[in-house]
2 protein chains.
Amino acid sequence: MAVLAQAAEVAARQGLGALTIGDLAARTHLSKSGLFAHFQSKEVLQLDVLAYARDRFVDEVIRPATRAPRGEARVRALFEHWAVVGRQGHAECLFVSAAAEFDDQPGPVRDQLVRDHRDFIDSIAQMFRTGIAEGEFRPDADPEQFAFELHGIMLGYFHAHRLLQDPRAGERTRRAFETVLADYRIAPPPAEPDSAESPAPAVAAARS
Amino acid sequence: MAVLAQAAEVAARQGLGALTIGDLAARTHLSKSGLFAHFQSKEVLQLDVLAYARDRFVDEVIRPATRAPRGEARVRALFEHWAVVGRQGHAECLFVSAAAEFDDQPGPVRDQLVRDHRDFIDSIAQMFRTGIAEGEFRPDADPEQFAFELHGIMLGYFHAHRLLQDPRAGERTRRAFETVLADYRIAPPPAEPDSAESPAPAVAAARS
DNA sequence: GCCCGGTACGAACGATCGTGCTGTAATGGA
DNA sequence: TCCATTACAGCACGATCGTTCGTACCGGGC
């Protein structure tokens, strides 16, 4: 539905709570009551927008990633698609702002938000798990810990990119991602013995 | 002003945009016009709330941290105080939700938000810099990169703690923090030579 | 004494909020 | 061709939004 696309765009910009029926009706060239007839209430509208954004996110981030080869390549694909979606200010910002908005007001919207997010975190952890099974990640690593850290990096990215408009946000994000990945990867390039003052070139390159 | 404390609490819960003058007047047992007289407009109210929250944050997080010894101890103190404030749902959530809310709507509130946040990031970077000067952190490290990564971790913490109510959020956050710190610390405990299959115990301990 | 700036009030404003009810033009299967 | 369904518009409702106005009370300086 084209209405939901418009609604999602507005909600991503102003927040789910600031999404107003009258404003949305004007944007879609519909009457307020005509638009309202499609949803029984504003809450249903918010839930529909959330579902729409989730479908978009699955289509543009998760599914493309699962088409990449299992293991680190898949995790990298997830990262890349995720960053692209966030950069364009699409669905992702909706989830970030909605999460901050509804983190303290109970109700169906919050519940759905929690479910969606838990599912996504589980997807990340699962992709990481296949990386362990493929022998690319350390077998003693905690997949949910990796999901937590990756998610934090992306939150920082959206923050720096959208609010601060830091032109180096992308570069910083990628560097943090590579560092985390390097920490979890199996068989890191062995450092030269006792090179505390002059760190291993591979590590230094990953950090500069 | 007690009114601002109430306003900050509401804004932290519902967001700065959902902070309404009538609602705030009822909470403070004032008439709407009587309360409105103190601020010339809602925008000024939002800015005042922001300034109030910033002062609280400086008092409860930044200043206590600067009283800790220079170097890693100070960075750790910052982390601890930051986590405590975020856990109690005080000022920090206001900044997180406000950032997500105003990241796409220009105006004085957004500008102030950006200034405050840049200042805070700079504070983190500066604390890290003293750690370099003290010889505790790698001299080739990028302080702003560290600030970015720490900030991302905390964003992930607030998200997991407040929205998902993950009981393991604190533990995950601390682990991520220790990992990042270990990456930036100088003179990591030297790994046994050629221990690719069995990683160094110190690293494994930091991750489990 | 008087005046004055601050602080608070009640009432009201136009606008917009979410939400109903009613009417109607279009549509598609029987 | 008829009829049920759908998709919309029009209008109106009570509530609440931010804001303004006029008006008190109350303190201290002239």
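Reckoned from all heavy atoms, side chains included, excluding hydrogens, waters and symmetry mates. Since this is a predicted model, take the numbers as computed values, not measurements. All chains are named by letter (A, B, ...) in the order of the sequence lines, taking the proteins before the strands, and each is independently numbered beginning at 1.
Between D:dC8 and A:H38, a contact under 4.0 Å exists linking OP1 or OP2 to a side-chain N or O.
Counting any heavy atom pair closer than 4.0 Å across all strands shown, A:L30 reaches sugar-phosphate atoms only and no base atom.
Judged as a salt bridge (charged side-chain N to carboxylate O under 4.0 Å, His left out), and not counting sequence neighbours, B:R129 has no contacts. Annotation: ring-ring contact (aromatic ring centres under 6.0 Å, His included) contacts of B:F148 (sequence neighbours excluded): none. By the side chain to side chain contact (heavy atoms under 4.5 Å, CB included) test, B:P108 pairs with B:E43, B:L47, sequence neighbours left out. Contacts of B:Y52 classified as side chain to side chain contact (heavy atoms under 4.5 Å, CB included), with partners at least two apart in sequence or in another chain: B:L4, B:A5, B:A8, B:R56. Evaluation of the side chain to side chain contact (heavy atoms under 4.5 Å, CB included) rule for A:R70 yields A:R74, A:T130, A:A133, A:E134 as partners, not counting sequence neighbours.
For A:F39 and D:dC8, the CZ to C1' distance is 14 Å, given to the nearest whole Å. The CD-P distance, from A:E43 to C:dG18, rounds to 13 Å in whole Å. Rounded to a whole Å, the CG atom of A:L24 is 14 Å from the C1' atom of C:dC17.
Residue pairs that meet the ring pair (Phe, Tyr, Trp, His ring centres under 6.0 Å) test with at least one member in residues 11-50 of chain A, sequence neighbours left out, do not exist here. Among pairs with a residue in residues 109-142 of chain A, those fulfilling ring pair (Phe, Tyr, Trp, His ring centres under 6.0 Å) read A:F57-A:F120, A:W82-A:F120, A:H117-A:H151, A:H117-B:H159, A:F128-A:F137, A:F128-A:F146, A:F128-A:Y184, at least two apart in sequence or across chains.
Donor-acceptor pairing under 3.5 Å, judged by distance alone, is absent between the side chain of B:S31 and the base of C:dG10.
Between A:E80 and A:R174 a salt bridge is recorded (basic side-chain N to carboxylate O distance below 4.0 Å).
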All N/O contacts under 3.5 Å from nucleotides 13-18 of chain D to the protein, with atom names and distances to one decimal?
from, atom 1, to, atom 2, distance (Å)
D:dC17, OP1, B:T20, OG1, 3.2
D:dC17, O5', B:T20, OG1, 3.2
D:dC17, O3', B:T20, OG1, 3.4
D:dG18, OP1, B:T20, OG1, 3.4
D:dG18, OP1, B:K42, NZ, 2.9
D:dG18, OP2, B:T20, OG1, 3.1
D:dG18, OP2, B:I21, N, 3.1
D:dG18, N7, B:K32, NZ, 3.2
D:dG18, O6, B:K32, NZ, 3.2

Fill in: Secondary structure string for DNA chain C (Watson-Crick or G-U under 3.5 angstrom, | for other-strand pairs)
|.|.||||||||||||||||||||||||||
